[in-house]
There are 2 protein chains.
Amino acid sequence: MDRVALRQLLHERGLRLTRSRQAVLTVLTGASGHLKVAEVYRRARKIDPGIGLASVYRTVELLARLELVKPLHTEHRHRHYVRANGRHGHHLVCTGCGLAVEFADCQLERLMQRLARRTRFHIDGHFMEFFGRCANCRSGSRSSRRRAPC
Amino acid sequence: MDRVALRQLLHERGLRLTRSRQAVLTVLTGASGHLKVAEVYRRARKIDPGIGLASVYRTVELLARLELVKPLHTEHRHRHYVRANGRHGHHLVCTGCGLAVEFADCQLERLMQRLARRTRFHIDGHFMEFFGRCANCRSGSRSSRRRAPC
DNA sequence: GTAGATGCAAAAGTTTTGCAGACCT
DNA sequence: AGGTCTGCAAAACTTTTGCATCTAC
């Protein structure tokens, strides 16, 4: 998402494109893995040294509403975010290096219909993540097992 | 899971069956929905008034390792737990009252295999939850929409 | 100019930890 | 008896909030 398109997207909702927001989006767009908020903050300060932690929290939440990023539920204690392309993305996350691969077709419709019939629920959402180890982390070098999310 | 079986399960790992652990398991087993830790604590004190919050945290984590309960990631800010029957359970959660229905067959093997081939990941786990509204919460009475998880 | 956004700092929570003493087996 | 577990209280964090100030438009 470039600067112009983002400004447009924000403008449609009466929101503004600020330096903080650009910094946070740049950080998350440039990362191949999921980042906790504190890490987003650390990186964002390199782009905009004056940014405050509260703005980072406010911005990741905004970006999540706009579906430009997605909150992940990892084994960690705190929330992580990862870049996303629209509504129907799910992620395959490497437990070694944090690499997050997005995939789209989750083919859960049939399961959902069966479940809905059986339980008499009206199902309106789901959450799904896969965990594993990426090829790089499996390739054997110990160092790659400990590499930080990039 | 009854008292004897639980003691056996714990004993196999050199762990002990204490009053606190019984209280926490009783609370979570008796609940039809997911509970946040603070709520588990509140209910557990009715069974064992002397129990401490730290023990509740330690115990839910232990029970999760034993796969007797499962952590859920809801829209809430803090972790919730729900009773579970073994490794392969997933949950359908009512966003109205918190009712959590467990279901077993998730039939994701084919999707997993395709993903693994395409991404060269070794996939070793997944996390899935469905959200919706249960029949009771949909039935129209306003009160049921606000009922606390039971 | 003005509404929206920010930074700061404090507050509100949740979760973890250290340790002396209690408890289970 | 001996190691496991607990309650307590403090600490460590994460996340939220209020408000004066700033800024994007």
Side-chain angles (χ1 to χ4, degrees), chain A residues 3-27 34-66 69 71-81, chain B residues 3-27 34-66 69 71-81:
Chain A
R3 186 194 163 90
V4 174
L6 178 56
R7 170 176 280 122
Q8 167 68 16
L9 186 61
L10 291 168
H11 186 259
E12 286 166 4
R13 302 164 197 239
L15 303 172
R16 295 168 183 183
L17 180 55
T18 64
R19 204 189 308 171
S20 321
R21 286 174 178 171
Q22 282 183 76
V24 169
L25 187 63
T26 299
V27 166
H34 53 101
L35 302 177
K36 60 180 173 182
V37 177
E39 177 64 17
V40 175
Y41 177 47
R42 200 182 66 74
R43 298 186 186 194
R45 269 189 302 181
K46 292 184 181 169
I47 301 172
D48 172 12
I51 195 174
L53 179 57
S55 292
V56 175
Y57 273 99
R58 288 185 280 234
T59 303
V60 289
E61 202 173 305
L62 171 66
L63 295 177
R65 278 202 305 277
L66 297 177
V69 305
L72 286 190
H73 305 289
T74 65
E75 75 279 10
H76 302 90
R77 286 286 176 259
H78 26 270
R79 197 170 305 183
H80 284 228
Y81 289 86
Chain B
R3 183 195 165 88
V4 174
L6 178 56
R7 169 176 279 123
Q8 167 69 15
L9 184 61
L10 291 169
H11 186 258
E12 286 166 5
R13 301 162 197 242
L15 303 172
R16 294 167 182 183
L17 181 55
T18 64
R19 204 189 308 170
S20 320
R21 288 176 177 171
Q22 281 184 77
V24 169
L25 187 63
T26 299
V27 166
H34 53 102
L35 303 177
K36 61 181 172 183
V37 177
E39 177 64 18
V40 175
Y41 176 47
R42 200 182 65 75
R43 297 187 187 193
R45 269 190 301 182
K46 292 184 181 169
I47 301 173
D48 172 13
I51 195 173
L53 179 57
S55 292
V56 175
Y57 273 99
R58 289 184 279 234
T59 303
V60 289
E61 202 173 302
L62 171 66
L63 295 177
R65 279 201 304 277
L66 296 176
V69 305
L72 287 190
H73 305 287
T74 65
E75 76 279 9
H76 303 89
R77 286 286 176 258
H78 25 269
R79 197 169 303 187
H80 284 227
Y81 289 86

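Note: hydrogens, waters and symmetry copies are ignored here, and every other heavy atom, side chains too, is used.
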B:Arg42 versus B:Glu39: any side-chain heavy-atom pair under 4.5 Å? yes
Please figure out whether B:Arg19 or B:Lys36 has its closest DNA chain C nucleotide nearer the 5' end. B:Lys36
Less than 4.5 Å apart, side chain to side chain, heavy atoms only: is that true for B:Arg19 and B:Arg21? no
Under a 4.5 Å cut-off applied to non-hydrogen side-chain atoms, are A:Thr59 and A:Thr18 in contact? no
Taking five pairs at each terminus, the helix from C:dG1-D:dC25 to C:dT25-D:dA1 shows an axis bend, to 10°, of 40°
With side chain to side chain contact (heavy atoms under 4.5 Å, CB included) as the criterion, how do B:Leu17 and B:Arg3 come out once you've worked through the C-alpha distance, each side chain's angles and the decisive distance to 0.1 Å? CA-CA 9 Å; B:Leu17 181 55; B:Arg3 183 195 165 88; 4.0 Å; yes
Quick note, B:Arg79 side chain, CB onward, closest among C:dC23, C:dT6, C:dT15 is C:dT15
Describe the nucleic acid contact of B:Arg7 in one word from base, sugar-phosphate, nothing, applying a heavy-atom distance below 4.0 Å. sugar-phosphate
First and last nucleotide of DNA chain D, 5' to 3', lying under 4.0 Å from heavy atoms of chain A: D:dT14 to D:dC25
In terms of side-chain heavy atoms of A:Ser20, which of C:dG7, C:dT15, C:dA5 is nearest? C:dG7
Interface residues of residues 49-58 of chain A with DNA chain D (non-hydrogen, below 4.0 angstrom): A:Leu53, A:Ala54, A:Tyr57, A:Arg58
Validation row: B:Leu66, B:Leu10 side chains within 4.5 angstrom (heavy atoms): yes
